[in-house]
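For reference, the structure discussed in these notes is given below.
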Amino acid sequence: MATLIESTPDVERKRNFRFRSLTATYVKELGVKSLLGACAALSVLTTLAIVVVLFTEASRFFQADDVYCDAAVVEDGVSHKCGSFVATSTRDSAGTQVACSTCGKLHTMPAEVTLVGFLTGSKWQPLIGRESEKKFGVWALITGTLLVSVIAMCLALPLGLITAIYLSEYANAHVRATIKPTLEVLAGIPTVVYGFFALTVITPTLKTFHDGFNTFNAMAGGIAVGILCLPIVSSLVEDALQAVPRSLREGAYGMGATKFEVSTKVVVPAALSGIISAFLLAVSRAVGETMIVALCVGSRPQMSLDPRDDMQTMTGWMVQMVLGDVSNYDVEYLSMYAVAALLFLMTLALTFAGNLVRRRFREEYQ
Amino acid sequence: MKTSQPHPLERLAGKVQPRNRQFWDHAFRWMCVAVASISILFLIVLLISILYQGVSSLNWNFLVHYPEPNPTNAGIGPALWGTIWVCIVCGVFALPIGVATAVFLEEFQPRSKWLRRCHSFIQLNITNLAGVPSVVYGILGLTLFVSMAGQFGTAKEPYMSFGVKYYDQFLSAGERALLVPIEDPSMPATVVVPGMKALNNDGDWVEVNVVKSRRDMPRDDAGREYALVEGRSSGRIQKPSWYFFRLPFGRSVLAGAFTLMLVILPIVIISSQEAIRGVPRSLREAGLGLAATKWQVVRNVTLPAAIPGIMTGSILAMSRAIGEAAPILILAGAIFITSSPSSLMDDFTVMPLQIFDWASRPQHGFHQVAAAGIILLLGILFIFNSVAVLIRQFAHTKSS
Amino acid sequence: MNELETTMVSKPTTFIPPGDERDSNEKTIVIEMDEFSAWYGDFQALHHLKLAVPEKRVTSFIGPSGCGKSTLLKWINRMNDIVPTAHAKGTLRLPDIDILARSTDVVALRRRIGMVFQKPNPFPKSIYDNVAFGPRIHYAGLSRNDLDDLVEWALKKSALWEEVKDRLNQSALGLSGGQQQRLCIARAIAIGPEILLMDEPCSALDPASTDKIEDLIYEIRKQYTIVIVTHNMQQAARCSDRTVFFFEGKIVEEGPTRSLFTNPKSKQTEDYVTGKFG
Ligand SMILES: Nc1ncnc2c1ncn2[C@@H]1O[C@H](COP(=O)(O)OP(=O)(O)OP(=O)(O)O)[C@@H](O)[C@H]1O
Ligand SMILES: [Mg+2]
């Protein structure tokens, strides 16, 4: 470093300044960098934790029908536990008990839980009847989730899309200054508020139009989730529309196209992948929505497409489980993890697809 | 040059007519206006209906009372304090970690191919975490923080704890409690034996007057004060100090705050990244050109320039945390809380959860207090968002 | 002595290249490259360059847009480290340091090689803090007084002192473009570099500010080795001692400015300096 000092300007040479030691700087740099890296690693750990927790607990659920025989057996004068797993595969519909094939002890027939039965079954009856009559067919819950999401999307997608087109193509600064904050406020309202709104305003309104609506119904939940998703759709779609290059619009206007033609025939098709990604992300949000459906959709799992009826969604089931007092080891409590794991996979697939499409779209225009 | 050909359309004259394009243009414009107004309509209806239902219940008592079973007396006090506790703790962890992650992802992009893959993997991971429903985070919190997967005992008999004293409590006549300090919470409950000593209400050691049976109880008040029947067993209580800590966390403020932290981390990270990305590249180059290290550039140049954006994003993330009910509902379950938390390990409830609790009851009176709670919640969120807007505007005027 | 000399050498005002009175061959070489090639991903931006930059001289890089001038400049102080796809081969060294070596400490390197960018990029801080930024992070034991002196010295050196001495604590963003660029130069020399790289420092400025910067370059070339990229032929001719002409990532011609402008060896150079293309 001596040469450096030589070459520094006269003023500095006079005053005999010292360069800071770079070693100290680098040690600090390394420390800071590792700290920041550790923070970033936390997000990976979170994902890992979600996957591990959901899937280990879910696997406990799927093993819940293996009955462990704890009968005391005396063999050669020594007492020990039987310890074998009782095969419940040979169940008959009437059987409420099952015998251990090794020692003959009778056990209560457990609920039948299999991965295939879970994923294909259409009856969800974990709380009624004898242990052996419990049914875990997740489609009854998926139906509820899908029905609510479809209603929500029927509301949010067209409204969000048109609002976005309006904001991006038509509205002047003045109108934008009213609608944008409104949407931001709507997006910032907690979901429990929407749930309350659905319960106390939407459902009574629906009832005045049509008597068939239940106190808890899928329609009100769907509408509330739709309002919730509307700002998400409109802001994502607007971003996509804004990303379409000006030149494309100018080209179309240059040919004498009207604003309507430019918007619907040029801008929207050009932003199509961005719009699709917005839709996918909104669907994922609707599928995972909890508080609204817990408040106003009810708790009757059924395979029905009647929006007037009460239903139960996947998230609704989880809420019912934590609110009830079932023990941590009960099969219905463990089913919560299986449902959560399924929900996680569904939303993961949707967000993944949405972000993939969006990335593709960004690459097109940047 | 040949003679000019007629334009193809001329041959079709009379057969094709210009389409009525202007009509569609106008119609579409009006439809847009109508649709865009729907969102305003939704907001107005929502606000008015909630104000209408809730405003009558909104008073000072409502702010300070605990959620009594009678809706006219019910208040949101503990939930308000719970929200404050949880959100402060959540912010203290989530904001620095989130900003640090954003800085790492934006400013410390590595050169080697392999590390770059790691980087983009983390990025992808964060985008996907942002899409995970909050209820799933609740389940994660329930397993990871509340019970710690059962690896560390239970909240009642924790694997480790400090800042808490356990007592076995005997109630003597006249609601006077006699306390016997307990070293190890897993010990069996104390039983009254002759000659035992206990702490009285003032915290002084006293000799317990052990009697053989209920009939031998002294008649006079002073004599009964420290009299207990032999063989009676006790109830275990705990007295936490403010720094009480234990593993597992139980359904405590800390568990709730950590869970909410996981919920809002992706939001903080993504908005901070956007703010950092908004800092012009030329400023960074200027810093590096002056031989500053990456961190020196971040600390002296990038972060100061990005701070308004980061703050706006953080405030929005915090308002998400304030309004989030699902994860807290999952990890706290149906609990009835009558007092505000006083340590990180206390049970708690938050405003959205209290609102949910009231809203899910059939009685109309509870719907009114729920609406009052919503007004308060929206009021707090409104203040938060106004601050965010102010910061944004301030930064805007400053930079232009 | 130095002051005297600079004031005596008057600045040429018309398009007359300065004389080659100071022959570069006598000078020590500070930046030396040989077979130097650089890539962005698969795209080769620089091809087998061989060049020697003399000490305490102004060397200008000219050439049509996209020919790799900035790329070379950015390799000299390793600014390309922040471009993930950038990589280079060959020799590029200072007398005592191999610039390209992995072990080279870029921070120490950039302390010796300052850089001024095309667009003025002052930090959104006060004028004082802008100049003090470098000294603060690089020097230990700097008192407030030392720092004041240093800032004053740097601002005087960059001919900005008179204009800003009363508003040192105001934001640098309030300065005009030309002032901002001079501030950037002040900021760069405040660290005390040996070499100053300037990438089109005047391209975003009006003629009056350009004039000031050229004066400044003329002033400080006694103390610094200056490499300047420019699209302005007059500028290259006016303020540089040696000129290097690039074309499509290769050095076409290189030599004393006067001979390159008045007597170019290659046809391409002649076309370019006479404005026939580029
Ligand atoms: N970050 C980068 N990534 C990929 N290619 C780049 C990058 N920077 C520059 N290039 C390419 O390298 C070549 C040389 O670029 P460079 O900026 O060095 O040109 P230049 O001579 O400075 O041009 P100008 O006079 O316009 O500034 C160009 O073809 C450019 O497209
Ligand atoms: Mg350039």
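Sequence lines set the chain letters: A, B, ... in the order given, protein chains first and strands last, and positions in each chain run from 1.
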So, using side chain to side chain contact (heavy atoms under 4.5 Å, CB included) as the criterion, who are the partners of I38(B) when residues are at least two apart?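 Testing I38(B) for side chain to side chain contact (heavy atoms under 4.5 Å, CB included), a comparison that skips the adjacent residues, returns L159(A), F42(B).
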Please classify the contact between [X] and chain A as side chain, backbone, both or neither, with a heavy-atom cut-off of under 4.5 Å.
| X | result |
| --- | --- |
| L46(B) | both |
| V45(B) | both |
| L378(B) | side chain |
| F121(B) | side chain |
| A332(B) | neither |
| R299(B) | side chain |
| S39(B) | both |
| L316(B) | neither |
| L353(B) | neither |
| M261(B) | side chain |
| V136(B) | side chain |
| E107(B) | neither |
| I330(B) | both |
| I50(B) | side chain |

For chain A, which of [options] has the most heavy-atom pairs under 4.5 Å?
| options | value |
| --- | --- |
| R320(B), H119(B), K294(B) | K294(B) |
| V33(B), L377(B), V35(B) | V35(B) |
| V135(B), I44(B), V298(B) | V135(B) |
| L331(B), L329(B), I355(B) | L329(B) |

Heavy-atom pairs under 4.5 Å with chain B are the metric here; pick the option from [options] that has the most.
| options | answer |
| --- | --- |
| T163(A), V319(A), T258(A) | T258(A) |
| K33(A), M336(A), K28(A) | K33(A) |
| L186(A), I179(A), L350(A) | L186(A) |
| T315(A), T200(A), V287(A) | T200(A) |
| I202(A), L167(A), V201(A), T46(A) | T46(A) |
| S43(A), P231(A), A41(A), G195(A) | S43(A) |

[atom2] on [Y] to [atom1] on [X], rounded to 0.5 Å:
| X | Y | atom1 | atom2 | value |
| --- | --- | --- | --- | --- |
| L47(B) | I189(A) | CG | CD1 | 6.0 Å |
| C229(A) | E289(A) | SG | CD | 8.0 Å |
| Q354(B) | I328(B) | CD | CD1 | 13.0 Å |
| T145(A) | L343(A) | OG1 | CG | 7.0 Å |

Where does [X] contact chain B at under 4.5 Å (heavy atoms): side chain, backbone, both or neither?
| X | result |
| --- | --- |
| L199(A) | side chain |
| V32(A) | side chain |
| E184(A) | side chain |
| F197(A) | side chain |
| V53(A) | side chain |

Could you walk me through whether Y337(A) and T143(B) pass the side chain to side chain contact (heavy atoms under 4.5 Å, CB included) test, one step at a time? CA-CA 10 Å; Y337(A) 285 94; T143(B) 318; 2.8 Å; yes
Within a strict 4.5 Å, meaning less than it, do heavy atoms of the L22(A) and T25(A) side chains meet? yes
Check whether any side-chain heavy atom of F260(A) lies under 4.5 Å from a side-chain heavy atom of W24(B), and answer yes or no. yes
Applying side chain to side chain contact (heavy atoms under 4.5 Å, CB included) to F108(B) and W295(B), what does each step give before you reach the verdict? CA-CA 9 Å; F108(B) 289 83; W295(B) 172 242; 4.3 Å; yes
Give me the atom names and distance for the closest heavy-atom approach of A40(A) to I122(B). O-CG2, 3.9 Å
Non-hydrogen atoms of L105(B) and I126(B) that approach each other most closely: CD1-CD1, 3.6 Å
How are the rings of Y170(A) and Y166(A) set relative to one another: parallel (under 30°), tilted (30 to 60°) or perpendicular (over 60°)? parallel
For F145(B), the ring pair (Phe, Tyr, Trp, His ring centres under 6.0 Å) test, sequence neighbours excluded, returns F258(B)
For a quick check under 3.5 Å, do Q53(B) and Q368(B) share a side-chain donor-acceptor pair by atom type?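 Per modelled atom types, Q53(B) and Q368(B) side chains form no pair under 3.5 Å.
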